[in-house]
Structures are given as structure tokens and as C-alpha cells.
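Here the structure is laid out as C-alpha cells; the discussion comes afterwards.
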Amino acid sequence: MDPRFEKYAKLLIKAGIGVQPEQSLVINCSAQNYEFARMLVSEAYRAGAREVFMRWGDQVIGRERYLHAADEVFDSFRPWQADMLNTLAREGAAFLSVIGGDPDGMRGVDHSRIMREERVSGPALAEFRQAQMSDKVQWCVAALPHPAWARKMYPDVPEEEAYKRLTEAIFSAMRITEDNDPVEAWRLHGEALNERKRKLTELNFKSLHYVNSLGTDLTVELPEGHYWEGGSTVMPGGITFNANMPTEEIFTAPKRDGVNGRAVSTKPFDVGGEIVPRFAFTFENGKIVKVETEDPEHLRRLQDAIGVDEGASYLGEVALVPFDSPISNMDVLFYNTLFDENASCHLAFGASYPTVTGGGDMTPEERAAVGLNDSITHEDFMVGSRDLSIVGTTHDGREIPVFVDGNFAL
Ligand code: ZN
Ligand code: ZN
């Protein structure tokens, strides 16, 4: 096995999840990546982990279940399943997920089964989700290469070559080379993102206005007291972790009812395993009032996704990524949100991270009162383009260019 995988495992345990002595760790990993999982587990114990819990998955078995399991199983969620994650979150465990599979792996699955399951699992896992979204627990999502994923990305080259290219792309995005110290590389990267976060938080914009030639013309108000997040997260006790690896974005929450205009997507969007190439949302006072896309089946799926609950049709994230940035410059579509969102400015519909002062300790009612959105879903979609301009308006009416021609102007 490529020795860089050892470095990768160490990076995820140290800079990714930052597991602490005497802390429990939960690892979600596909069964076919068992060798990498073993590396993670031994690195975790070396770092002093109390106990590591494995949650094995398999995309093919998951698909079989959606296709053939009894219909009623998608309308209930067993309490013990929720109990495991809710209890471990309450006890302060850390949660590491290693993803990466066939982007078309859920093709042909009845989308309503996935949505029904989300509707019952969402409320049952509310405690776990809240702990994650308010950074009360460490969590990290990273990816490993997969043959079908590589084929999808590089259909014109032999399989082995495609797999090699995807592996190189992942190591490059993860800032791992044969002879560097990736933990140090990530520390420096985090500092650069911190600088950007600080600038935007200080400007304290009232709203952002997005325009590009594809038809995006969108105004997003930001809540009072908002701050910009991104890069590594520092918990109250000083523990740091990186929730997404790779990450190139800084983000904050929009004001729930303060979004107006039209946003046109710039990269394919995955709805339950079906890839929607292009779509547009029109917003009125925060709510998505119109969905445009060519294929009627895609339209139905998008409408299902934003209809999963009331909050799903409102925005929960505004994220800025320069057009000229490492993953964007690879100029390849990953068909995987973890990578594609870090190549493009994006928005998310659904729940927002509580990125307002004191937000992490607010009750659901208080969060709603300051304009944060809540939902059982959170789905990123890309709106960045080479010609995207974003102008920020301050509370005293000054207009300041934030993005010019797809890149930061600050
Ligand atoms: Zn994001
Ligand atoms: Zn997001």
C-alpha cells in the first residue's frame, strides 16, 4: 500500500478529529476500506483513545436494503440505533467518517424510501445532530478513493489509470506529499482561512448581493451578530478539529427570511444518488418558491428534498470559495460534495450552523429568533463561477466588493 495512506491516517486522527486521551472515537467506514480503518484505529489508540467504535457500511448492501427490504422499515427508526449516537455524543465522543463510493451507486432506488427514512431518523437523532452542528463534539468527514468513483470522474482512461488519478487528486487536496508533514501543512492552511474569517466577521455585512452571467441575482441578508467560520474549529476547551477535509471554504449562516432572488447552480447536484446537472432556485423572503430544472424526474426529486420539512426550503449556509483555489484549479468534477463544494462558492438549504455570537448555547426558539434556520436536512449546492461577483453592504450603507471575477477582492 502507498505509504502516504499511513500519513493520511495519522493526519485524520491528529488534525482531522484531534482525538484526546481517554476520549471515545466512533469511526464510520466502508467495509472495503478495512485496511485503512485498521490504521485509523491503531493511530487513535496511540493517541490515547479510550475506546474506538466501528460502524461498518457497504454501499452495495445499503442499496440492496433500499431496493428489497420490507416497505414499512423505512417509516420507523429503532430507538437503540438512535441511542448509540445520542449517548456517545452526550458522553463527548468524537465522530470520524470516511466516505467515498460510487456516485451512481443509488441509481434506481425509490427516492421516497430514502426521504421517508430521513423523516424518521432525523428527529430521533436530533441530539446527536445538534451536538455536531454546534461543535459540542469533534467530528470529521474525509474520503478514500473508490474504483467506481474514479471511473465516473475519468471515463476516458483505463480503470487503473483513473484510480491512480483520483488517488493523486485526493492526496493533493489533503496536502499530503511523500516528504512533507501534512499536520503542519494543515496548520498553515488553517491560519490563512482564519485571516479571511476575521476580515469578513469584522466587516459585519448586513447583506451580500450575488450576480453572474448564468442568471444568478441573489441577495442574502446575514443575521445580527453573525461570524464567519471555516478551517479548523476550536472548541471552548481549546481542542481543535477539522470538520471537513479537504476544506477551502469560509461560511456563515444566512438570515432565514432575508434571502431574495434567483440562484443558478454551477455544478451537478446529487439528490439521493441521482445527479442533477443544472437547476435554479428562486427565493422570496427566504423561502424557495420556484425550482427550475430540465428533467421532470429531477424536478420531483429536488421538490422532495426541499419539502422534507418546513426548514428544508430555506437556506442554512453561505460559503465562499475562490474560483482560483487548489481544488477548483484541478478543473475536474468529483461528483462528490465534500470535494466539489470546496471548489466553488456554495449555499445549502436546510439547517444552519449556529454561527452567531452565543449561538451554540441557544435554545431552538432563541436560534429561530435571531434568524437561524432549522431542519433535519442540510444540502450544499454550488453557485460559484469564473465571473461571480459578490458585493457586501454594511449596516451604514457602504458597498464593498467581496468577490470580483470569481475571486476574493478583500
Ligand atoms: Zn460548506
Ligand atoms: Zn454545508
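Note that these values count all heavy atoms, side chains included, but never hydrogens, waters or copies made by symmetry. One-based numbering, in listed order, for ligands and for the atoms of each. Positions are given from 1, in the same order as the sequence printed here.
When ring centroids are compared, F279 and F281 come within the 6.0 Å threshold.
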Side-chain donor-acceptor pairs under 3.5 Å in residues 84-108, sequence neighbours left out?
{"from": "N86", "atom 1": "OD1", "to": "F128", "atom 2": "N", "distance (Å)": "3.0"}
{"from": "N86", "atom 1": "ND2", "to": "A82", "atom 2": "O", "distance (Å)": "3.4"}
{"from": "N86", "atom 1": "ND2", "to": "A124", "atom 2": "O", "distance (Å)": "2.9"}
{"from": "T87", "atom 1": "OG1", "to": "D83", "atom 2": "O", "distance (Å)": "2.6"}
{"from": "T87", "atom 1": "OG1", "to": "D83", "atom 2": "OD1", "distance (Å)": "3.4"}
{"from": "R90", "atom 1": "NE", "to": "E127", "atom 2": "OE2", "distance (Å)": "2.7"}
{"from": "R90", "atom 1": "NH2", "to": "E127", "atom 2": "OE1", "distance (Å)": "2.9"}
{"from": "S97", "atom 1": "OG", "to": "N28", "atom 2": "ND2", "distance (Å)": "3.0"}
{"from": "D102", "atom 1": "OD1", "to": "D104", "atom 2": "N", "distance (Å)": "2.9"}
{"from": "D104", "atom 1": "OD1", "to": "K152", "atom 2": "NZ", "distance (Å)": "3.4"}
{"from": "D104", "atom 1": "OD2", "to": "K152", "atom 2": "NZ", "distance (Å)": "3.1"}

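With a cut-off of 2.8 Å, the protein N/O/S atoms near the Zn ion (ligand 2) add up to 4.
Ion pairing between R300 and E297 holds under the 4.0 Å rule for side-chain N and carboxylate O.
In this structure, R187 CZ and T240 OG1 are separated by 11.0 Å, a value rounded to the nearest 0.5 Å.
For the residue pair N212 / S385, a side-chain donor-acceptor distance below 3.5 Å is found, with atom types taken as modelled.
Closest of all the heavy-atom pairs between G122 and R129 is O-NH1, 3.0 Å.
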